[in-house]
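Here the structure comes first, spelled out in structure tokens, and everything after it is commentary.
Remember, it's a predicted structure, so these values are computed and weren't measured experimentally.
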2 protein chains.
Amino acid sequence: MTNKTQRSERRADALSKDKIVEAAIAILDTDGEAALTFRALAARLSTGSGAIYWHVADKSDLLMAATDAIISRVMANVVVADGPANSIRAIALGVFDAIDTHPWVGAQLAGEPWQAAMGQILERIGRQLQALGVPQHAQFNAASSLLNFILGVAGQNAAAARLKGRVTDRSAFLASVAAQWTQRDPSEYPFVRQVAAQLLDHDDRQQFLAGIDLILAGIGTLR
Amino acid sequence: MTNKTQRSERRADALSKDKIVEAAIAILDTDGEAALTFRALAARLSTGSGAIYWHVADKSDLLMAATDAIISRVMANVVVADGPANSIRAIALGVFDAIDTHPWVGAQLAGEPWQAAMGQILERIGRQLQALGVPQHAQFNAASSLLNFILGVAGQNAAAARLKGRVTDRSAFLASVAAQWTQRDPSEYPFVRQVAAQLLDHDDRQQFLAGIDLILAGIGTLR
DNA sequence: ACATGAATGGAACGGCGTTCCAAATACACA
DNA sequence: TGTGTATTTGGAACGCCGTTCCATTCATGT
């Protein structure tokens, strides 16, 4: 009996959704979000765009599959131990580091709803919240708060990465940002000016973790 | 003395960045993000695309100006009173409602870094954190946590709005989302399945406020 | 051997953001 | 008031995109 799963290969390098997704990830990682076009993909796979569409519904489908693949790997490697709170920190940092390595993942997570990748993150976070003893009625809210914070950071990091390369002098760039923010009237932006001074030597990853801790502290008050 | 600001009008309906932004907002609100093209904009303004580029650097510049205009109006109307915590709730809800009314603002906030609109939100939140007595060294982290949470929700709401219209039956859609999330193996997604049941009759706005309260509670532990 | 349907690859389509440029208009000054 | 210069306009043109279409190739069951 020959079922569909064990069909012999059409060619040695036959096309498949997995191969296409793998190639897409390579392009995205190497040359950035804008470089992923069906033409570039077809060239890399030595085929035509029509053949790709046989395996993939459209570009959004492709990007969601690529994002899901990355998040799956991250979730498989995250070590959950040392108590639920630290497990949540580990999960969140896993996502953060993945976004740092693959900025396009951040853009995709932040801009596409109800993705498979989101389901994975939500599940992992939710289980740790249960282990943390969060009352059932508050679990959904707590999980979605953590998730939305992560998605917010994801979008900003992806956007910031899009700017890198175009910007050579970091401090000059940050100064121009501050200038733009206080453009209307510097005296109207005391807090932004205070923060702008800290912007130069702040660590995105550490600030991300501080945010997670803040939400965890809030969750701690629920009991 | 004739300076640049008081030049006589070229025509009664002369082009200006403000007029262009206003027209862009009208298109975005009426027909959605995808409908904003320079051709559509030129048609609405009875001009050519080249003329628009005289006043606006590119599409990103236009979208940032439109977003800034909406956020400025929101911030002008937000009533700050009843204590710093409630003021933060009011600011956050103001942004949430703006995103609900103009989903494209959500996409723009979530996907573009260092926008003028972000500076405005950050300033307003930061001042209330100072009023709340948050230690100075923690103010930046607290403000960025609130902001990133808001941006995360913004991105998801914008993405969800993009799906509306295409989706007629809400409950059938949510069921298919849950099915997709648990696709790998339903038994591996106990939390997601539990949450999926609550998805049908949950209120996005209320959940957003719960998230803000959670972070505020966490900030409360800093003192 | 042959019919069938899966899979391929490349041409073609319509639309996008952006650039270019000749024409039209407003302004400074003689 | 007339004229030269700078600003502003509007539409054609460019290159690239996602997607569709379709003739062709190939593995397979009968």
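- A:D18 and A:S16 are not linked by any side-chain donor-acceptor pair at a separation below 3.5 angstrom, with hydrogens and angles left out of the test.
- Enclosure of atom NZ in A:K17 by more than 12 non-hydrogen atoms of other residues, nucleotides or ligands within 6.0 angstrom is indicated.
- Between B:I20 atom CD1 and D:dT8 atom P there is a gap of 12 Å when expressed in whole angstrom units.
- For C:dA7, the OP1/OP2 oxygens have a side-chain nitrogen or oxygen of A:W54 closer than 4.0 Å.
- Between A:H55 and C:dA6, a side-chain N or O to OP1/OP2 separation shorter than 4.0 Å is absent.
- Mapped onto DNA chain D by nearest heavy atom, B:A51 and A:A35 fall at different nucleotides, with B:A51 at the one closer to the 5' end.
- Applying the side chain to side chain contact (heavy atoms under 4.5 Å, CB included) rule to B:A196 yields the partners B:A178; only residues at least two apart in sequence or on another chain are considered.
- Separating the CG atom of A:L41 from the C1' atom of C:dG9 is a distance of 13 Å, rounded to the nearest angstrom.
- Straight-line distance from the CG atom of B:L15 to the P atom of C:dT25: 15 Å, rounded to whole Å.
- A salt bridge is absent between A:R184 and A:E188: the closest approach of a Lys/Arg side-chain nitrogen to an acidic carboxylate oxygen does not fall below 4.0 angstrom.
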Extract from the structure each pairing of a protein N or O with an N or O of nucleotides 16-18 of chain C at less than 3.5 Å, listing the distance.
| residue | atom | partner | partner atom | Å |
| --- | --- | --- | --- | --- |
| C:dC16 | N4 | B:R39 | NH2 | 3.4 |
| C:dG17 | OP1 | B:K59 | NZ | 2.5 |
| C:dG17 | OP2 | B:F38 | N | 3.1 |
| C:dG17 | N7 | B:R39 | NH1 | 2.9 |
| C:dG17 | O6 | B:R39 | NH2 | 2.8 |
| C:dT18 | OP2 | B:Y53 | OH | 2.8 |
| C:dT18 | OP2 | B:K59 | N | 2.9 |
| C:dT18 | O5' | B:Y53 | OH | 3.1 |

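- A salt bridge does not link B:R73 with B:D68: every distance from a Lys NZ or Arg NE/NH1/NH2 to an Asp or Glu carboxylate oxygen is 4.0 Å or more.
- Across the protein-nucleic acid pair, B:I52 atom CD1 and D:dT9 atom P stand 10 Å apart, rounded to whole Å.
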A:Q108 and A:E33: CA distance, side-chain angles, deciding distance, side-chain hydrogen bond (donor to acceptor under 3.5 Å, both in side chains) verdict: CA-CA 10 Å; A:Q108 191 60 20; A:E33 242 175 307; over 6 Å; no

